[in-house]
Trainee: 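Sharing a structure, written as structure tokens. Questions coming.
For clarity, every value in this text was computed on a predicted model and none was experimentally measured.
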Amino acid sequence: MIRSFLRYSWLLPFIAMNTACAVYKIEPRPEKLAPFTAELLAQQPDDAFVSVYSVGEKRLIWMGAKHSTQTNSLTFQLILDAYDRFAIDTVIVEGLLTSEGSNSEVLIDYARAEAAKENDGFQPGGETVPSVLGALEAGATLFGGEPEDSDILRRALQQGLSEDDLLGFYTMRSIPQWIRERQISDASDPQIEPLLTEELERNRTRLGLSDSVLPDVDTWREWYEATNGKPLAADFVTEEAGPRADGRFGTNLTGAAISKARAAHLHEFTVSQLNADKTVMVVFGASHLMIHRPALDSALGEPCYSGSNFDEAMPACFN
């Protein structure tokens with residue numbers, strides 16, 4: 001027996017190497033996520049596009065959607081084509097918490113209800129509808145790709161933000177919506193006071209923060225002025241709530257850190273599904289794919305295809 005074993009001992013390094021390959025796991029690389037800047041935006045294609053990665057016998061189809069309500073849009077076409085071309089096991093969509101679990105009834109009911117409203121090529125539910133209904137038809141498992149607020153808080157604090165920054169930004173980002181909805185004329189409107197009070201309380205609960213964090217509107221206003229170098233007034237612009245790492249406002253840096261925390265969760269969850277030997281499709285906005293590409297390339301290698309034509313992707317990704 002020993003002699004027989006020694007006879008084949010020269011094979012051991014190769015056996016060990018093959019065994020290691022069989023159990024190899026992809027390491028997530030969230031540190032490689034790109035900051036969202038004007039330069040990155042300028043590099044983004046004008047319409048929807050996709051990056052496809054080969055992962056052993058499986059594939060990652062990362063769909064950079066141009067948010068659309070038109071069923072004849074490139075976004076809708078690419079989603080439907082992906083289901084036709086790939087045997088997809090897992091679909092991860094924007095706007096739903098991962099913690100809601102697989103095949104959320106709320107998400108499925110929403111998609112079915114919106115599908116019934118489709119009229120003359122107008123789909124009010126946007127690309128979520130073909131993403132969800134296509135997954136059901138394909139027998140794929142659906143997940144949301146969004147983190148809990150507590151996870152965003154944890155990751156943002158690790159980036160050097162404070163609890164004041166998180167609560168302050170969460171509250172400030174509602175101001176553009178209030179203006180659009182005509183609840184206020186601009187940020188100097190006195191009607192903003194009760195809105196800010198209510199939003200502070202709501203977001204404090206969402207983030208699990210104590211009452212001592214920005215305890216009232218006056219304290220919030222002090223935070224805003226210290227962060228953006230000006231008092232809250234009629235000159236407030238929507239740009240202040242943007243996640244631009246190179247933005248001209250201090251709040252842009254907070255937004256960028258929150259965006260990175262959100263992206264890190266999605267990146268790590270996507271990799272976990274690939275490590276479970278799944279073919280995965282992610283459907284998020286195109287700017288998210290721009291942010292994710294460097295991390296995906298680092299973790300998975302260059303994509304076998306990047307563009308907007310699956311006729312070109314198939315030979316490139318199944319050669």
Side-chain angles (χ1 to χ4, degrees), residues 36-38 41 44 46-48 64-71 73 75 93-97 106-107 110-111 113-114 117-119 121-129 144-146 149 152 165-207 214 217 220-221 223-225 227-259 261-263 283-288 290-291:
F36 191 64
T37 61
L41 180 61
Q44 181 177 314
D46 293 333
D47 210 334
K66 182 176 182 180
H67 297 306
S68 176
T69 55
Q70 301 301 313
T71 59
S73 66
T75 293
V93 297
E94 188 172 1
L96 181 76
L97 294 174
V106 172
L107 177 62
Y110 167 80
E114 292 302 297
K117 299 175 185 176
E118 185 177 317
N119 182 38
F122 173 72
Q123 175 45 259
E127 68 271 7
T128 299
V129 174
E146 306 289 354
D149 290 308
I152 291 177
D165 291 329
L166 266 291
L167 179 57
F169 185 89
Y170 264 54
T171 301
M172 184 207 69
R173 67 184 182 184
S174 293
I175 295 176
Q177 178 182 343
W178 297 336
I179 294 173
R180 287 195 304 271
E181 294 174 350
R182 298 183 181 179
Q183 295 190 62
I184 55 174
S185 56
D186 56 51
S188 68
D189 191 325
Q191 294 300 316
I192 201 173
E193 292 295 312
L195 294 174
L196 287 171
T197 297
E198 182 179 350
E199 195 68 2
L200 276 169
E201 292 176 356
R202 187 174 73 88
N203 289 324
R204 199 180 289 112
T205 299
R206 283 182 62 179
L207 291 164
L214 300 183
V217 174
W220 179 87
R221 285 180 176 274
W223 166 85
Y224 173 88
E225 184 167 356
T227 303
N228 278 355
K230 64 185 184 71
L232 184 70
D235 63 351
F236 175 90
V237 290
T238 300
E239 180 189 349
E240 297 179 43
R244 285 274 297 276
D246 59 347
R248 59 194 177 102
F249 299 100
T251 48
N252 294 144
L253 295 177
T254 303
I258 291 171
S259 175
R262 181 185 175 199
V283 184
F284 265 62
S287 63
H288 293 278
M290 298 300 294
I291 291 167

Trainee: Taking all atoms of both residues into account, what is the closest heavy-atom pair of Ala256 and Arg244, and its distance?
Mentor: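 Looking at all heavy atoms of both residues, the shortest contact is CB-C, 4.2 Å.
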Trainee: Do we see a donor-acceptor contact under 3.5 Å between the side chains of Asp165 and Thr254?
Mentor: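 The criterion, which ignores hydrogens and geometry beyond distance, is not satisfied for Thr254 and Asp165.
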Trainee: What are the two closest non-hydrogen atoms of Leu167 and Asn203, and how far apart are they?
Mentor: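 Closest pair (atom of Leu167, atom of Asn203, distance): CD1-CB, 3.6 Å.
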Trainee: How far does CG of Leu166 sit from CZ of Arg206, to the nearest 0.5 angstrom?
Mentor: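 Those atoms lie 11.0 Å apart.
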Trainee: Are the side chains of Glu181 and Gln177 in contact, using a 4.5 Å heavy-atom criterion?
Mentor: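 Yes; the side chains approach each other to less than 4.5 Å.
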Trainee: When you measure from the side chain of Glu146 to the backbone N and O of Leu96, does any donor-acceptor pair fall under 3.5 Å?
Mentor: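 Checked: no pair found.
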Trainee: For the side chain of Asp189 and the backbone of Gln191, is there at least one donor-acceptor N/O pair under 3.5 Å apart?
Mentor: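 Checked: pair present.
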Trainee: Answer whether the closest heavy-atom distance between the side chains of Ser174 and Leu195 falls below 4.5 Å.
Mentor: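 No, too far: nothing below the 4.5 Å cut-off.
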Trainee: Return the CD1 to CG distance between Ile179 and Asp186, rounded to the nearest 0.5 Å.
Mentor: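 These two atoms lie 6.5 Å from each other.
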Trainee: Are any side-chain N or O atoms of Thr75 and backbone N or O atoms of Lys66, one a donor and one an acceptor, separated by less than 3.5 Å?
Mentor: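 Such a contact is found between Thr75 side chain and Lys66 backbone.
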Trainee: Keeping Gln123 on the side-chain end and Glu114 on the backbone end, is there a donor-acceptor pair under 3.5 Å?
Mentor: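 Side chain of Gln123 to backbone of Glu114: a pair is present.
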Trainee: For the backbone of Val237 and the side chain of Glu240, can you confirm whether one donor and one acceptor N or O come within less than 3.5 Å of each other?
Mentor: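 Flag set: sc Glu240 to bb Val237 pair under 3.5 Å.
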Trainee: Using a 4.5 Å cut-off on heavy atoms from C-beta on, say whether the side chain of Thr71 contacts that of Val129.
Mentor: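 Val129 vs Thr71: side chains apart.
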Trainee: Would you say the side chain of Leu41 lies within less than 4.5 Å of the side chain of Phe36, judging by non-hydrogen atoms?
Mentor: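 Yes, their side chains come closer than 4.5 Å.
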Trainee: Ignoring hydrogens, what is the shortest heavy-atom contact between Gly242 and Asn252? Give both atom names and the distance.
Mentor: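 Here Gly242 and Asn252 meet closest at O-ND2, 3.0 Å.
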Trainee: Looking at Tyr170, is Arg173 sitting on its ring face, NZ or CZ under 6.0 Å from the six-membered ring centre and within 45 degrees of the normal?
Mentor: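 Yes, cation above the ring, under 6.0 Å and within 45°.
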Trainee: If you compare all heavy atoms of Ile175 against all heavy atoms of Ala187, which two are closest, and at what distance to 0.1 Å?
Mentor: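 The answer is CG2-CB, 4.3 Å.
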Trainee: Ignoring hydrogens and angles, tell me if any N or O in the side chain of Ser73 forms a donor-acceptor pair with the backbone of Thr69 under 3.5 Å.
Mentor: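 No; judged by distance alone, with no hydrogens or angles, the pair does not exist.
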Trainee: How about Glu239: does its CD atom have over 12 heavy atoms from other parts shown lying under 6.0 Å from it?
Mentor: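 Yes, enclosed.
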Trainee: Just so I know, are the side chains of Glu199 and Trp178 near enough to count as touching, which here means a heavy-atom distance under 4.5 Å?
Mentor: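 The answer is yes, as the side chains (C-beta and beyond) meet within the 4.5 Å cut-off.
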Trainee: Quick one: CD on Glu198 to OG1 on Thr171, what's the gap to the nearest 0.5 Å?
Mentor: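 That separation rounds to 11.0 Å.
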Trainee: Between Arg262 and His288, is there a side-chain heavy-atom distance shorter than 4.5 Å?
Mentor: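 Touching, per the 4.5 Å side-chain cut-off.
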Trainee: Answer yes or no: is there a side-chain heavy-atom contact under 4.5 Å between Pro176 and Phe236?
Mentor: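 When only atoms from C-beta onward are counted, Phe236 and Pro176 do touch, with a gap below 4.5 Å.
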Trainee: Kindly give the heavy-atom pair with the smallest separation between Thr251 and Thr227, and that separation in Å.
Mentor: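 Heavy-atom minimum between the residues: N-CG2, 3.7 Å.
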Trainee: As an exercise, state the distance from CZ of Arg202 to CG of Leu207, rounded to the nearest 0.5 Å.
Mentor: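 With rounding to 0.5 Å, CZ (Arg202) is 10.0 Å from CG (Leu207).
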Trainee: Closest approach of Asp246 and Ala38, non-hydrogen atoms and distance?
Mentor: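 So the minimum-distance heavy-atom pair works out to OD2-N, 3.0 Å.
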Trainee: Which value, rounded to the nearest 0.5 Å, describes the distance between Leu196 atom CG and Leu214 atom CG?
Mentor: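 Between atom CG of Leu196 and atom CG of Leu214 there are 11.0 Å.
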Trainee: Would you call Leu232 and Ile192 a side-chain contact if the rule is heavy atoms closer than 4.5 Å?
Mentor: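 Leu232 reaches Ile192 side chain to side chain.
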